[in-house]
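Below: the structure, in structure tokens.
Here, residue 1 is the first one in the sequence, and each next residue gets the next number. All of these numbers come straight from a predicted model, not from anything done at the bench. Whatever order the structure lists ligands and atoms in, that order sets their numbers, starting from 1.
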Amino acid sequence: MKICCIGAGYVGGPTMAVIAQKAPDVRVTVVDMNQARIDAWNSDTLPIYEPGLDEVVKESRGRNLFFSTAVADEINAADIIFVAVNTPTKTYGVGAGRAADLRFIESVARTIADVATSGKIIVEKSTIPVKTAETIKKILAANSRGLSFQVLSNPEFLAEGTAVVDLHNPDRVLIGGEKTPEGQAAVEALSSVYAHWVPRERIITTNLWSSELSKLVANAFLAQRISSINSISALCEATEADVDEVARAIGHDSRIGPKFLKASVGFGGSCFQKDILNLVYLCESFGLPEVAEYWQNVVKMNDWQKTRFATRIVKTLFNTVAGKRIAIWGFAFKKDTNDTRETAAISVCRDLLAEMAEVVVYDPKVPEDQIRRDVLGAEEGEAGKRLIVVNSAEEAAQGAHAVAVLTEWDEFKTIDFAAVLAGMPKPAFLFDGRNLLDLDALRELGFTAFGVGKA
Ligand code: UDX
Ligand code: UDX
């Protein structure tokens, strides 16, 4: 069997690397129109950082795992084609700011129809609005030249930073297909790939639309838990309750469960906000404004949490940060990834720069040019002079009036805080946006320390 995956990003790359590792009898090729990205996948420095990924790629690359820009040839050779191209939020026209931009999906469908000389199974991996499979099917049917195409939905549930572990041991694999004999045969063909390492009872099959919708709903529920606990964090700060204690207490209820109850500076990442906005847009399109508004509030609460964090810094620093140096520890949207899409750090840095602070950022994995582009955009302007990126947490804190922890990188836990404190003007403030550090210990050292949802 031959598999081709279009899109060598955070989803396509790791997913295909694990399929190739676990199914050595399957030939897997990942294609991308971005030559630099493909070159990186073929080099010793992969384009994305994921713990354990280097080893997985090294094991299979050149054996049954290949990275290439020969899109047409590889599509033509494949039996199963995964589509893992990006589906950003539309920035123009109807639905701008909310609906998914499906132009890459459509162009991929047209390319497949153009170049295929035999029937194919097309698998949607990208998160897309419900009924996108229908669009792909229509484009393929109108250009099929008598070939038979089956479209499946197989959403990816891996989380960044734990992609390899999640792929090796998924809670479930979801495959949606048509209830026709051809559709069911396609579902079985894809199931047999995963069955190389995933127990059959964890492979869930549904109709196409249920599968597409389940991906949006899973992310909406996860994000909702974070917004719920973050809303409570504001109440905790006002009442001297401790949000971690509240989370632990409610998480012991087996009906609630302990996961995704960590209060934070706000969720980021490429999926949560985008998928909720998609869901909201869908509900509006189907005449369900109450449902749309319900989910919109999850995003609203998250935006508020990010602003609230920056505002708390300004207020605490005697209502002015103008000319003050603020250290930002961590810029990625979570630890163990170099991904910065929708990271809360962008919002916090912008708010502090708008207050005329000097913002000094350190992140172990995110390069300086990425941080500058995310915060400042194409034009650096005056604020560009006040945004500084450095190579260590200690360097960022040197001379800073406050340190803000925005990503829960492990290395921040083992820092020599006494030395950091010595290099800061007093009072020295620390704002832990991840509730990562021992606030009591920091206070004993002499910091004025705050967490999220803590007095
Ligand atoms: C993307 C989407 O963001 C997500 O919603 C979906 O679930 C999976 O695909 P990700 O892998 O993180 O996730 O995206 P990204 O890292 O941007 O990778 C997409 C790749 O597709 C890029 O390398 C891009 O060059 C490539 N691409 C895009 C093509 O090869 N052809 C196209 O027509 C469009
Ligand atoms: C998410 C889903 O978990 C995954 O199943 C889906 O395939 C893609 O979207 P990802 O965005 O990679 O994965 O990371 P995730 O671990 O879900 O974290 C998302 C954001 O929520 C991060 O910014 C994280 O810091 C934040 N978060 C998570 C919290 O603030 N509190 C929590 O308790 C959990």
Side-chain angles (χ1 to χ4, degrees), residues 5-16 30-38 40-41 47-48 50 67-69 71 74 82-89 100-112 124-129 153-163 166-167 170-172 174 214-216 218-223 225-230 233 243-244 247 251 258-276 278 302 305-306 330 332-337 339-345 406-408 433-436 452:
C5 173
I6 309 174
Y10 284 91
V11 170
T15 309
M16 292 305 124
V30 190
V31 298
D32 201 296
M33 58 188 187
N34 181 337
Q35 179 76 51
R37 219 166 201 196
I38 291 299
W41 279 108
I48 66 173
E50 274 294 339
F67 296 92
S68 162
T69 50
V71 180
E74 293 299 340
F82 284 82
V83 181
V85 298
N86 41 334
T87 50
T89 304
D101 191 338
L102 293 177
R103 63 184 156 152
F104 298 136
I105 297 274
E106 175 166 348
S107 105
V108 162
R110 289 189 184 279
T111 307
I112 295 171
E124 296 175 337
K125 222 15 163 174
S126 305
T127 308
I128 28 76
S153 160
N154 173 220
E156 187 49 72
F157 293 106
L158 68 83
E160 287 175 32
T162 53
D166 294 346
L167 286 163
D171 285 346
R172 79 317 206 171
L174 178 57
S214 298
K215 169 71 190 202
L216 296 185
N219 278 341
F221 270 58
L222 291 169
R225 278 175 74 97
I226 302 169
S227 276
S228 296
I229 198 71
N230 281 344
S233 76
V243 78
D244 282 343
K259 294 181 182 169
F260 268 72
L261 285 180
K262 188 86 189 148
S264 68
V265 55
F267 61 75
S270 71
C271 281
F272 282 176
Q273 171 162 318
K274 187 187 71 176
D275 289 357
I276 292 172
N278 249 300
N302 195 51
Q305 185 77 351
K306 292 186 270 187
F333 82 99
K334 60 188 277 195
K335 75 168 179 177
D336 292 342
T337 178
D339 194 349
T340 62
R341 288 177 289 180
E342 305 294 338
T343 177
L406 298 190
T407 313
E408 69 282 22
R434 294 288 175 173
N435 291 344
L436 178 74
V452 174

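- Side chain of Ser126 to main chain of Val85: a donor-acceptor pair is present (N/O by atom type, distance under 3.5 Å, no hydrogens or angles).
- Of all the atoms in ligand 1, the ones that sit under 4.0 Å from a non-hydrogen atom of Gly7 are 20 (C), 21 (O), 26 (C).
- Checked options Thr87, Ile128, Asn219; the residue passing with Asp275 is Asn219 (criterion: side-chain contact (heavy atoms from CB on, under 4.5 Å)).
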Stepwise side chain to side chain contact (heavy atoms under 4.5 Å, CB included) check, Phe333 with Glu342: CA-CA 7 Å; Phe333 82 99; Glu342 305 294 338; over 6 Å; no
Please walk me through it: do Thr337 and Tyr10 pass side chain to side chain contact (heavy atoms under 4.5 Å, CB included)? CA-CA 10 Å; Thr337 178; Tyr10 284 91; 4.2 Å; yes
Assess the residue pair Ser264 and Asn435 against the criterion (side chain to side chain contact (heavy atoms under 4.5 Å, CB included)); give the C-alpha distance rounded to whole Å, side-chain angles, the decisive distance to 0.1 Å, and a yes or no. CA-CA 7 Å; Ser264 68; Asn435 291 344; over 6 Å; no
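- Close approach of ligand 1 to Asn34 is summarised as follows: ligand atoms under 4.0 Å from at least one heavy atom of the residue are 25 (O).
- Atoms of ligand 1 lying under 4.0 Å from at least one heavy atom of Gly9, given by number and element, are 11 (O), 15 (P), 16 (O), 18 (O).
- Close contacts of ligand 1 with Ala84, meaning ligand atoms under 4.0 Å from a residue heavy atom, involve 9 (O), 19 (C).
- Under 4.0 Å is where a charged nitrogen must lie from a carboxylate oxygen, and between Glu408 and Lys335 no such pair does.
- Contact check on Glu160 versus Arg341 returns a salt bridge, with a Lys/Arg side-chain nitrogen under 4.0 Å from an Asp/Glu carboxylate oxygen.
- Residue contacts with ligand 1 for Arg37 involve side-chain atoms from C-beta outward but no N, CA, C or O (heavy atoms, distance under 4.0 Å).
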Step by step, would you call Leu216 with Thr127 a side chain to side chain contact (heavy atoms under 4.5 Å, CB included)? CA-CA 8 Å; Leu216 296 185; Thr127 308; 3.7 Å; yes
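- Taking distance alone, with nitrogen or oxygen atoms compared against 3.5 Å, Met33 approaches ligand 1 more closely than that limit.
- Separating the CZ atom in Phe267 from the NZ atom in Lys334 is a distance of 13.5 Å, to the nearest 0.5 Å.
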Write out each pair where an N or O from ligand 2 and one from the protein are under 3.5 Å apart, with the distance.
residue  : atom   : partner : partner atom : Å
ligand 2 : 5 (O)  : Phe157  : O            : 2.6
ligand 2 : 7 (O)  : Glu156  : O            : 3.1
ligand 2 : 7 (O)  : Phe157  : O            : 3.4
ligand 2 : 7 (O)  : Leu158  : O            : 2.9
ligand 2 : 7 (O)  : Lys215  : NZ           : 3.0
ligand 2 : 12 (O) : Glu160  : N            : 2.7
ligand 2 : 14 (O) : Lys334  : NZ           : 3.2
ligand 2 : 16 (O) : Lys334  : NZ           : 2.8
ligand 2 : 23 (O) : Gly268  : N            : 2.9
ligand 2 : 23 (O) : Phe333  : O            : 2.8
ligand 2 : 25 (O) : Arg434  : NH1          : 2.6
ligand 2 : 30 (O) : Ser264  : OG           : 2.6
ligand 2 : 31 (N) : Lys262  : O            : 2.9
ligand 2 : 33 (O) : Leu261  : N            : 3.4
ligand 2 : 33 (O) : Lys262  : N            : 2.9

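- For ligand 1 and Lys125, the ligand atoms under 4.0 Å from any heavy atom of the residue are 7 (O).
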